[in-house]
Amino acid sequence: MAPSAPQAPSPRSGVQPARRATTALAAALVLGAAAAPAYAAGSPALISKAPKKLPDGLYGTKDPQYDGVWRQSLALLAQHTVGVRPAAPAVRWLVGQQCADGAFTAFRAEPGKACDAKTMRDTNQTAAAVQALAALGGEGRQGEAVRKAVGWLKSVQNDDGSWASMPGSPGDANSTSVVIGALAAAGQKPESVTSKKGKSPYDGLLTFRLGCAGKAAAHGAFTFQLKGAAPNADATAAAATGVLGRGFVVEPAAHRAPLTPPACKDGTDAKPGKVSAARAADGAAAYLVAQLDENGQHLVSAMPGAEPQPDVGNTADAVVALAAGGHGAEARRPLAWLEKNAADWARQNGPAAYAQLVLAAHATGSDPRAFGGSDLVTALNATGPAPASLPGKHTADADAAAGDGGGNTVWWIIGVALAFGAGLGFLLSGRRKKSTS
């Protein structure tokens with residue numbers, strides 16, 4: 001990146017909520033350089049001015065220039081997962097950020113103005129929006145937004161089956177994983193979404209698997225990108241979820257057999273791309289567990305010249321990844337660390353951070369309303385407009401929301417009734433129904 005380009009806070013440093021939307025420029029962090037946002041140096045999106053007044057319906061109080069769609073999507077998805085019906089203006093804002101071709105960028109200060117060639121379209125923001133809007137349901141504007149976004153994502157798939165954050169760039173494990181999650185959430189079969197050369201998203205994702213390369217401690221890990229390949233815990237957590245066809249929302253699963261590290265001595269798992277999804281996921285999980293055990297049940301990140309620091313967001317991602325593979329016991333250990341140490345991080349970073357913790361708790365069958373003494377759901381709700389309804393409660397805004405881009409009224413009423421009748425605190429939502437990542 002050119003020195004003159006403005007810098008966004010690192011999405012993986014704890015300054016901003018850790019996000020799977022790692023981009024081509026974020027690869028610099030993976031390789032030891034300073035992290036940067038999902039845009040190329042000098043892009044118009046980078047140098048645009050922050051809005052003087054945040055838009056109605058947007059979650060969070062910080063500048064949305066780099067993560068508006070991302071944090072909105074995670075907030076809406078986490079609310080839905082625990083039976084909270086988001087406010088209609090919040091859903092309208094997200095739908096209104098979409099470009100006519102179906103893509104999303106991080107933030108459009110003037111959504112009424114058409115996107116042009118200078119608008120930096122982003123697969124990560126688009127895939128996150130798909131996961132949220134698909135979960136919320138509804139035909140109308142939301143259904144059309146999902147269809148258009150999926151069409152755009154398919155159109156920018158790389159020949160090897162992968163995706164990059166910025167179309168036209170080399171693919172990366174994180175972007176490919178979050179798109180797999182979006183495809184599954186939209187009712188697609190990711191394996192059937194092939195490139196012009198016949199490669200599936202799973203083919204693309206497995207190219208980032210290191211397998212038995214390098215030191216034994218790195219076996220099973222994924223790298224962010226092929227160039228400068230090095231084991232990366234963030235990419236590994238994303239891939240461990242994506243390779244199973246899962247997305248951000250993972251339902252609690254029965255505990256599987258003990259973790260199985262890659263079979264390197266007999267050569268079974270030696271070739272990075274020649275392994276089943278289940279074995280790849282197990283190898284990635286084994287790598288994550290080793291990293292978590294080594295660091296006291298959390299992952300770490302370090303800015304150049306700084307001491308390694310606990311990476312709360314990526315630890316939450318690791319919890320989801322382990323749960324996705326059926327490794328609930330292993331997932332609950334880092335979850336316990338999060339319960340003791342994540343409160344301040346979430347307060348500082350806002351909606352996406354709260355959402356990550358809600359989704360981590362959900363994946364392990366834990367109660368996000370009693371998370372280490374904190375009510376994550378109430379805290380998340382407080383970062384945006386008042387919800388249209390809560391489990392067992394119906395507000396005056398609920399019916400109007402459905403006809404205004406907020407979803408399908410009948411669907412929501414049935415859902416709330418089920419939650420009330422069962423006496424549950426959650427409406428379990430099969431998120432990625434695909435998955436994701």
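Below, each value reflects all heavy atoms present in this structure, side chains not excepted, and no hydrogens, waters or symmetry copies.
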List the steps, then state whether side-chain hydrogen bond (donor to acceptor under 3.5 Å, both in side chains) holds for Ser177 with Asn174.
CA-CA 5 Å; Ser177 297; Asn174 296 64; over 6 Å; no
Could you go through Val289 and Arg333, starting from their C-alpha distance and side-chain angles, then the distance that decides it, and tell me whether this counts as side chain to side chain contact (heavy atoms under 4.5 Å, CB included)?
CA-CA 10 Å; Val289 168; Arg333 293 199 295 267; 4.0 Å; yes
Please walk me through it: do Trp152 and Ser155 pass side chain to side chain contact (heavy atoms under 4.5 Å, CB included)?
CA-CA 5 Å; Trp152 180 80; Ser155 75; 3.9 Å; yes
Test side chain to side chain contact (heavy atoms under 4.5 Å, CB included) on Thr378 and Arg369; report intermediate values, then the result.
CA-CA 7 Å; Thr378 297; Arg369 293 178 173 83; 6.0 Å; no
Would Val250 and Leu359 satisfy side chain to side chain contact (heavy atoms under 4.5 Å, CB included), going step by step from the backbone distance to the final call?
CA-CA 8 Å; Val250 168; Leu359 295 174; over 6 Å; no
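Looking at Asp344 and Gln348, their side chains never bring a donor and an acceptor atom within 3.5 Å of each other. Between the side chains of Gln157 and Lys196, not a single donor N or O lies within less than 3.5 Å of an accepting N or O. Counted by atom type alone, Tyr66 and Gln125 present zero donor-acceptor pairs between their side chains at under 3.5 Å.
Remark: Arg147 engages Glu144 in a salt bridge, criterion side-chain N to carboxylate O under 4.0 Å.
Of the possible donor and acceptor atoms, none in the side chain of Gln72 sits under 3.5 Å from a partner among the backbone N and O of Leu94. Under a 3.5 Å cut-off, the side chain of Thr126 and the backbone N or O of Phe104 do form a donor-acceptor pair. With hydrogens and angles ignored, the 3.5 Å screen pairs a side-chain donor or acceptor of Thr236 with a backbone N or O of Phe222. Here the side chain of Ser175 pairs no donor or acceptor atom with the backbone of Asn124 at under 3.5 angstrom. The backbone N or O of Ala230 sits less than 3.5 Å from a side-chain atom of Thr223, completing a donor-acceptor pair. Looking at His298, its side chain never comes within 3.5 Å of a backbone N or O of Pro310 through a donor-acceptor pair.
Applying the side-chain hydrogen bond (donor to acceptor under 3.5 Å, both in side chains) test between Gln356 and each of Thr315, Asn314, Asp317 identifies Asp317 as the sole match.
You'll find the side chain of Thr105 stays beyond 4.5 Å of the side chain of Val69, heavy atoms only. Considering only heavy atoms from C-beta on, Arg347 comes within 4.5 Å of Tyr354 through its side chain.
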